[in-house]
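Chain letters run A, B, ... following the sequence lines, proteins first and then strands; every chain starts at 1. Basis for what follows: all heavy atoms, side chains included, without hydrogens, waters or symmetry-related copies.
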There are 2 protein chains.
Amino acid sequence: MENIGDEYKNYWETNMFLQTQELDSWGLDEALSGYYDSSSPDGAASSAASKNIVSERNRRKKLNERLFALRSVVPNISKMDKASIIKDAIDYIQHLHEQEKTIQAEIMELESGVMKKNPKQLHDSVTSRNSPIEVLELRVTYMGEKTVVVSLTCSKRTDTMVKLCEVFESLKLKIITANITSFSGRLLKTVFIEANEEEKDDLQIKIQTAIAALNDPLSPMSI
Amino acid sequence: MENIGDEYKNYWETNMFLQTQELDSWGLDEALSGYYDSSSPDGAASSAASKNIVSERNRRKKLNERLFALRSVVPNISKMDKASIIKDAIDYIQHLHEQEKTIQAEIMELESGVMKKNPKQLHDSVTSRNSPIEVLELRVTYMGEKTVVVSLTCSKRTDTMVKLCEVFESLKLKIITANITSFSGRLLKTVFIEANEEEKDDLQIKIQTAIAALNDPLSPMSI
DNA sequence: CGAGACACGTGACGC
DNA sequence: TGCGTCACGTGTCTC
């Protein structure tokens, strides 16, 4: 009688995440509810209990759908925990807040630079060390045949493409083929690298630290 | 025996939201757990059951704290429903996404607006003296709809990709979308640029001179 | 009174 | 083996 719970187990922990709509297999609830209410001979009470059960079920279902929707709008989600999903969402919102401030500062700088008649000064101040790389997603996958694919998405800022290339150039990897494409304010870089499966995680760490070090040269991130 | 639930009721629906930390009034859990387990005579089983109970309690508590924290980073929250909190968070994140796109478009416009009058050398220190860019093919084509496509092939050397990006970055073009792919010692860069047909030839000259200037900064190639 | 929202204890499942 | 996570049914409160 607990098999319904089992289905939901699969909902959370296996790979059927892409059809969150069609697990509406609750049609036999009414029949079951009568079975549970063996202590109360009153029909009205059992009806109320079943109502409560199905209502609660719908509430939980709605909540899970909401949670799943929240997960879908937050990039870079690692763990599928309910708590982790909410935590990642919080971190992401705070990240967006910081990013908004950064971008607005950049806009202010650009505007104030336009006001002045000195384009040289403007460009130097903007180019020097502003607009860090904002990584939106970083995915490192082992594809077999000793090849690892790195897929990186970030927002397009000033010199972002240059810095991105510098990062991968500095890591001295065995790059098979690389590709950068830019669209609608985004930058997507895909790199095929010759490496074993064990080097995958290490590679991801390396890339992250390299980008972090480039964004903030002051901190001694070099392990 | 259900008074604990009552406290939590107040936690959600009254005004004690500001002390989400100090409702640690679960100290008598162990004593109660033994009471609940009246069906199992085994002491070890009751211990396990109580462990599960307190663990589950902590899990729920953590989840509620997370949800509360999520609520605190999302402005303009009207309803206190769990589902509504998550929904508002989703809407807020999507709102931030749209806003980010708008602002980035604004930045792009601002940057391309600066490009108008800037005869001075942009990057005075590109440095890197070795391995010049060896252009194998440069094709500039007008595609209609005010778009010009630049297709450039060169041999892959050290930092070639970086330099290539720098070149196009320094020209301050209205780039619609760009793409670099590397294969078998070659580098192919494709750039879609917003420009009229008349600017086509001028564009080709600009790119050639920029690359030449980068390869040999000593010669006064700057128009 | 019912409808909705919540916390609780419980059994099950995976690591 | 425990430990963490989950969905479930239930009792209780508020509107």
Side-chain angles (χ1 to χ4, degrees), chain A residues 1-17 20 23-26 28-40 42 44-68 79-87, chain B residues 1-17 20 23-26 28-40 44-68 71 79-87:
Chain A
M1 64 178 72
E2 301 288 343
N3 44 3
I4 301 177
D6 298 4
E7 291 186 15
Y8 246 86
K9 205 64 183 177
N10 291 335
Y11 165 69
W12 274 106
E13 296 197 347
T14 69
N15 51 2
M16 55 193 318
F17 282 105
T20 174
L23 32 91
D24 268 334
S25 59
W26 352 80
L28 42 128
D29 305 326
E30 298 300 327
L32 287 180
S33 62
Y35 171 80
Y36 273 93
D37 195 3
S38 59
S39 61
S40 69
D42 189 8
S46 77
S47 168
S50 69
K51 281 286 186 185
N52 193 10
I53 289 180
V54 65
S55 181
E56 176 68 9
R57 237 176 243 174
N58 286 339
R59 184 182 86 90
R60 277 196 298 261
K61 181 183 173 186
K62 186 173 68 180
L63 225 151
N64 280 327
E65 286 175 353
R66 290 282 218 282
L67 213 53
F68 187 71
K79 303 195 65 179
M80 293 303 192
D81 278 329
K82 281 179 170 179
S84 299
I85 290 178
I86 302 182
K87 179 182 172 62
Chain B
M1 63 177 75
E2 300 289 343
N3 45 3
I4 301 177
D6 299 3
E7 292 186 16
Y8 247 87
K9 204 62 186 178
N10 292 335
Y11 166 69
W12 272 106
E13 295 198 344
T14 70
N15 50 3
M16 55 194 318
F17 282 105
T20 175
L23 32 90
D24 269 334
S25 59
W26 357 76
L28 42 130
D29 304 327
E30 298 300 326
L32 286 181
S33 62
Y35 172 79
Y36 274 94
D37 194 3
S38 59
S39 60
S40 70
S46 76
S47 168
S50 70
K51 280 285 185 182
N52 194 8
I53 289 181
V54 63
S55 179
E56 176 68 10
R57 233 175 249 172
N58 287 338
R59 173 182 167 272
R60 277 196 297 261
K61 181 183 173 186
K62 185 173 70 180
L63 224 153
N64 281 327
E65 287 174 353
R66 290 282 219 284
L67 213 52
F68 184 72
R71 190 199 73 100
K79 302 197 64 177
M80 293 304 192
D81 277 329
K82 281 179 170 180
S84 299
I85 289 177
I86 301 181
K87 180 183 172 60

Can you measure [X] atom [atom1] to [N] atom [atom2] for me and round it to whole angstrom units?
X: B/Asn64; N: C/dC8; atom1: CG; atom2: C1'; result: 12 Å
X: A/Phe68; N: D/dC6; atom1: CZ; atom2: P; result: 14 Å
X: B/Ile53; N: D/dC8; atom1: CD1; atom2: C1'; result: 15 Å
X: B/Asn52; N: D/dT5; atom1: CG; atom2: P; result: 12 Å
X: B/Met80; N: D/dC15; atom1: CE; atom2: P; result: 14 Å
X: A/Arg60; N: C/dC6; atom1: CZ; atom2: C1'; result: 12 Å
X: A/Lys62; N: D/dC8; atom1: NZ; atom2: C1'; result: 18 Å
X: B/Asn58; N: C/dG9; atom1: CG; atom2: C1'; result: 14 Å

Worksheet item: So, is A/Arg59 near the phosphate of C/dC6, with a side-chain N or O under 4.0 Å from OP1 or OP2?
Response: yes

Item to complete: Would you please confirm or rule out a distance under 4.0 Å between OP1 or OP2 of C/dG9 and any side-chain N or O of B/Arg57?
Response: yes

Discussion item. Using 0.5 Å steps for rounding, measure from the NZ atom of B/Lys87 to the CG atom of A/Leu63.
Written reply: 13.0 Å

Item to complete: Give, for atom CG of A/Leu67 and atom NZ of B/Lys82, the distance between the pair rounded to the nearest 0.5 Å.
Response: 10.5 Å

Worksheet item: Passes side-chain contact (heavy atoms from CB on, under 4.5 Å), B/Arg66 versus A/Ile85? Steps please.
Response: CA-CA 9 Å; B/Arg66 290 282 219 284; A/Ile85 290 178; over 6 Å; no

Item to complete: Please confirm whether any donor atom in the side chain of B/Glu56 sits under 3.5 Å from an acceptor in the base of C/dC8, or the reverse.
Response: no

Practice prompt. Might you work through the salt bridge (Lys or Arg N to Asp or Glu O under 4.0 Å) test for A/Glu56 and A/Arg59, ending with a clear yes or no?
Written response: CA-CA 5 Å; A/Glu56 176 68 9; A/Arg59 184 182 86 90; 3.3 Å; yes

